[in-house]
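The block underneath contains the structure these notes are about, expressed in structure tokens.
Proteins get letters first, then strands, A, B, ... in listed order; numbering begins at 1 in each. These numbers come from a predicted model, not from an experiment.
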There are 2 protein chains.
Amino acid sequence: MKQISTRFSIAVHILCLLAISSTDCTGEFIARSVNTNPVIIRRIVGMLKKAGLVEVRPGVGGASLRKPPDDITLLDVYRAVNATEVDQLFRIHDAPNIECPVGRNIEAVLQTELKEAQFAMEQRLAQTTVGQLVAKFQ
Amino acid sequence: MKQISTRFSIAVHILCLLAISSTDCTGEFIARSVNTNPVIIRRIVGMLKKAGLVEVRPGVGGASLRKPPDDITLLDVYRAVNATEVDQLFRIHDAPNIECPVGRNIEAVLQTELKEAQFAMEQRLAQTTVGQLVAKFQ
DNA sequence: AAGAGATGTAACTATAATGGTTACAACGGT
DNA sequence: ACCGTTGTAACCATTATAGTTACATCTCTT
């Protein structure tokens with residue numbers, strides 16, 4: 001099965017790093033902590049910036065949080081890095097045969113159920129904040 | 001973002017079809033309702049068979065449910081078609097820098113939270129049965 | 001026994017998302 | 001003006017998906 005991209009876990013990593021750092025963090029520094037390429041970090045930081053979660057100082061360099069860590073939920077992060085046209089976790093096959101009672105109804109009926117399931121997942125993400133995560137670090 | 005495969009929605013479609021059909025359904029017939037290639041149907045039916053949800057009559061052809069529709073939850077179907085090594089919805093970036101307090105702790109802390117979110121989604125799927133879906137068809 | 005229709009798979013293709021990389025323009029302090 | 005940083009574009013390899021063709025195998029019917 002195709003899993004949810006590591007962009008999400010890396011984004012959480014970045015925000016935790018910014019939360020515990022007193023000074024601004026450069027992409028280089030973050031990349032060493034995450035253990036990946038700085039460009040990957042810049043791309044994700046760009047998404048977090050667009051979502052209003054962080055601010056970046058161009059030229060001089062360094063990112064910092066725009067909100068208290070306790071005001072950033074995992075759902076905020078999830079939404080920020082999955083920025084896409086569709087926000088639907090589940091895909092539904094399209095163009096089923098409308099001459100069949102199942103084909104005619106399946107999409108609407110399934111859509112409702114699957115959105116409920118996605119909502120349950122998102123609400124669980126909304127219960128946890130970056131602040132709560134960093135409090136668990138030693 | 002990468003979404004969950006249409007295998008899942010097609011599998012639900014197939015099971016609904018079997019639930020309302022008095023006679024066994026052939027792959028050809030199902031494929032016309034789903035509007036796809038018969039091989040796609042055979043592959044998915046194979047997964048459902050392996051999961052014990054349907055039985056197939058080889059040679060003569062035709063599939064049928066092995067359980068009452070009310071005893072098949074969407075979670076059963078989800079598990080059947082996502083049959084894979086890992087059952088984890090979220091991926092976490094690996095090998096972060098253990099010399100960093102975030103890199104050292106992020107995986108364990110995040111793992112816990114993300115499994116909770118996945119669990120919430122799955123429990124919502126477990127609340128709906130194939131029987132409930134077909135009851136909503138006109 | 002042979003044929004017809006169905007299933008079970010293997011093999012192949014095209015498409016898309018992901019994760020990584022190099023390259024370079026633009027920015028802003030020193 | 002220089003240097004380090006950010007912001008992107010472009011490209012590549014890998015992987016999952018969805019679809020297709022092909023064919024062996026199975027079971028019922030004739």
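Distance B/I44 CD1 to D/dA18 C1': 10 Å, rounded to the nearest Å. Counting to the nearest Å, the P atom of C/dT7 and the CD1 atom of B/I41 are 10 Å from each other. Put simply, CE on A/M47 is 11 Å from P on D/dT8, counting in whole angstrom units. Spacing between atom CG of B/L48 and atom C1' of C/dG8 amounts to 15 Å, rounded to whole angstrom units. D/dG7 atom P lies 12 Å from atom CD of A/E55, rounded to whole Å. Atom C1' of nucleotide D/dG7 and atom CD1 of A/I30 are separated by 14 Å, given to the nearest angstrom. Rounded to an integer number of Å, the gap from A/D94 CG to D/dT17 C1' is 14 Å. If you take CZ of A/F29 and P of D/dG4, they are 19 Å apart, rounded to a whole angstrom.
Taking for each of B/V60 and B/N37 the nucleotide of DNA chain D with the nearest heavy atom, the 5'-most of the two is the partner of B/N37. The 5' end of DNA chain D is approached more closely, in terms of each residue's nearest nucleotide, by A/A63 than by the other of A/K2 and A/A63. Two residues, A/I10 and B/G46, neighbour DNA chain C, and the one matched to the more 5' nucleotide by heavy-atom proximity is B/G46.
Contact annotation: B/T36 side-chain N/O to D/dA18 OP1/OP2 distance is not under 4.0 Å. The side chain of B/R42 contributes no N or O atom lying less than 4.0 Å from OP1 or OP2 of C/dT9. For C/dT18, the OP1/OP2 oxygens have no side-chain nitrogen or oxygen of A/T6 closer than 4.0 Å.
Minimum interatomic distance between B/V45 and B/V54 (heavy atoms only, all atoms of both residues): O-CG2, 4.0 Å.
Going from atom CD of B/E116 over to atom CE of B/M121 covers 13.5 Å, rounded to the nearest 0.5 Å.
Distance from the side chain of B/I40 is smallest for D/dG19 among the nucleotides C/dG8, D/dG19, D/dT6. Picking from D/dC26, D/dA22, D/dT6 the nucleotide with the shortest atom distance to the side chain of A/T26 gives D/dT6. Closest to the side chain of A/V39, out of D/dT6, D/dC26, C/dA23, is C/dA23.
When heavy atoms are screened at a 4.0 angstrom cut-off, B/G59 is found touching base atoms of the nucleic acid. Residue B/K49 is in sugar-phosphate contact alone, with no base atom involved, counting any heavy-atom pair closer than 4.0 Å across all strands shown. Among the heavy atoms of the strands lying under 4.0 Å from A/G27 are primed sugar atoms or P, OP1, OP2 only; no base atom is included.
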**OP:** Could you check A/R42 against A/E28 for salt bridge (Lys or Arg N to Asp or Glu O under 4.0 Å), going step by step and ending with a plain yes or no?
**Re:** CA-CA 9 Å; A/R42 285 179 233 159; A/E28 266 291 338; over 6 Å; no
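In the interface, the side chain of A/R57 is not paired with the base of D/dT6 through any donor and acceptor atom under 3.5 Å apart. Interface remark: the B/R91 side chain does not form any donor-acceptor pair with the C/dG19 base, using a distance-only criterion of under 3.5 Å. Remark: the A/R43 side chain and the D/dT8 base include no donor-acceptor N/O pair separated by less than 3.5 Å.
A donor-acceptor contact shorter than 3.5 Å is absent between the side chain of A/R91 and the backbone of B/S5. Not one N or O on the side chain of A/D71 forms a donor-acceptor pair closer than 3.5 Å with the backbone of A/P68. Under a 3.5 Å cut-off, the side chain of A/N105 and the backbone N or O of B/F137 do not form any donor-acceptor pair.
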